[in-house]
Amino acid sequence: YALLYNGPQSGASAPDHLHFQALPKTSIPALNEGGEHIRKVREKNGVSLFKKIDGARTALLVEGADAKAIAAFIRVLIQAVQRVHPPPPAPMAPPRQSTPLEQVEPMLNLFCLYGEEGWRVIIFPRRQHRPAAYYKSGEAQILVSPGAVEMGGVLVLPREGDYHRLDAALLMNIFQEISLGEACIDEIVAAL
């Protein structure tokens with residue numbers, strides 16, 4: 001199984017709602033893809049960091065055998081993402097006290113797996129919550145709000161007509177709109 005998490009304002013996320021989900025790792029293409037677009041960019045204390053750029057989606061992969069070392073590295077990585085690409089102000093919500101996590105957590109989607117080779121965490125840092133097509137009206141609107149599942153390669157749409165209107169170019173554009181570009185990923189790596 002793989003665990004997934006949708007950060008704040010990260011597609012399928014909902015305000016005031018924090019949860020993790022589990023699903024068979026074979027059901028998500030990004031968890032089973034080879035290394036053709038993956039490049040190691042850093043290694044320290046038994047933790048390896050890779051960047052994945054496939055033209056539409058960008059991701060950071062963290063691998064290692066020691067859970068504590070992985071967790072410590074991910075905390076530092078999330079702080080670097082937050083410094084390079086700070087999250088936008090939260091949408092209007094009823095007044096309440098925010099938690100420290102909400103104050104610093106950037107927009108991201110995350111998968112976590114554990115197997116014979118150790119831990120693997122895939123983080124999709126995000127540029128924005130939803131693509132422009134979500135907010136359009138009439139035939140131009142496509143109700144797509146990519147969360148972790150969609151970033152992982154499984155598209156979930158609530159309306160059948162939206163499936164028929166999507167093509168490879170439009171889907172590529174949607175992912176490019178919400179994903180951080182390679183230059184920003186390189187800035188995050190440099191900020192570590």
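- Residues V144 and V154 share a hydrophobic cluster, clusters being chains of Ile/Leu/Val/Met/Phe/Trp/Tyr side chains in contact below 4.5 Å.
- Contact record, G7 with E105: CA-OE2, 3.7 Å, taken as the closest heavy-atom pair.
- The closest donor-acceptor contact from the side chain of R83 to the backbone of P86 lies at 3.5 Å or more, if one exists at all.
- The nearest pair of heavy atoms linking G64 to I70 is N-CD1, 3.3 Å.
- Closest heavy-atom contact between I28 and F111: CG2-CZ, 3.9 Å.
- Following chains of ILVMFWY side-chain contacts shorter than 4.5 Å, one can reach V189 starting from I78, so the two form part of one hydrophobic cluster.
- In terms of modelled atom types and a separation under 3.5 Å, the side chain of D162 and the main chain of P158 share no donor-acceptor contact.
- Under the 4.5 Å side-chain heavy-atom criterion for ILVMFWY residues, no single connected hydrophobic cluster contains both L108 and L3.
- Under the ring pair (Phe, Tyr, Trp, His ring centres under 6.0 Å) criterion, Y1 pairs with no residue, sequence neighbours left out.
- In this structure, the side chains of R120 and L61 come closer than 4.5 Å at one or more pairs of heavy atoms.
- In this structure, A69 and N45 approach most closely via the heavy-atom pair CB-O, 4.1 Å.
- For K51, the side chain to side chain donor-acceptor pair (under 3.5 Å) partners at least two apart in sequence or on another chain are E182, D186.
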- Give the C-alpha distance, both sets of side-chain angles, the deciding distance and a yes or no for side chain to side chain contact (heavy atoms under 4.5 Å, CB included) between V47 and E63. CA-CA 6 Å; V47 177; E63 294 181 352; over 6 Å; no
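- When the options I74, I122, V121 are evaluated for a side chain to side chain contact (heavy atoms under 4.5 Å, CB included) with C112, the one that passes is V121.
- The minimum heavy-atom distance linking P125 with V81 is given by the pair CB-CG1, 4.3 Å.
- Follow the hydrophobic side-chain contacts under 4.5 Å out from L49 and you reach V84 in the same cluster.
- Counting only residues at least two apart or on different chains, the side chain to side chain donor-acceptor pair (under 3.5 Å) pairs with a member in residues 133-143 are Q141-R159.
- Contact record, H85 with R126: CD2-O, 3.3 Å, taken as the closest heavy-atom pair.
- No donor-acceptor pair closer than 3.5 Å links the side chain of T26 to the backbone N or O of P24.
- Judged by distance alone, with hydrogens and angles left aside, the side-chain atoms of R127 form a donor-acceptor pair with the main-chain N or O of S179 at under 3.5 Å.
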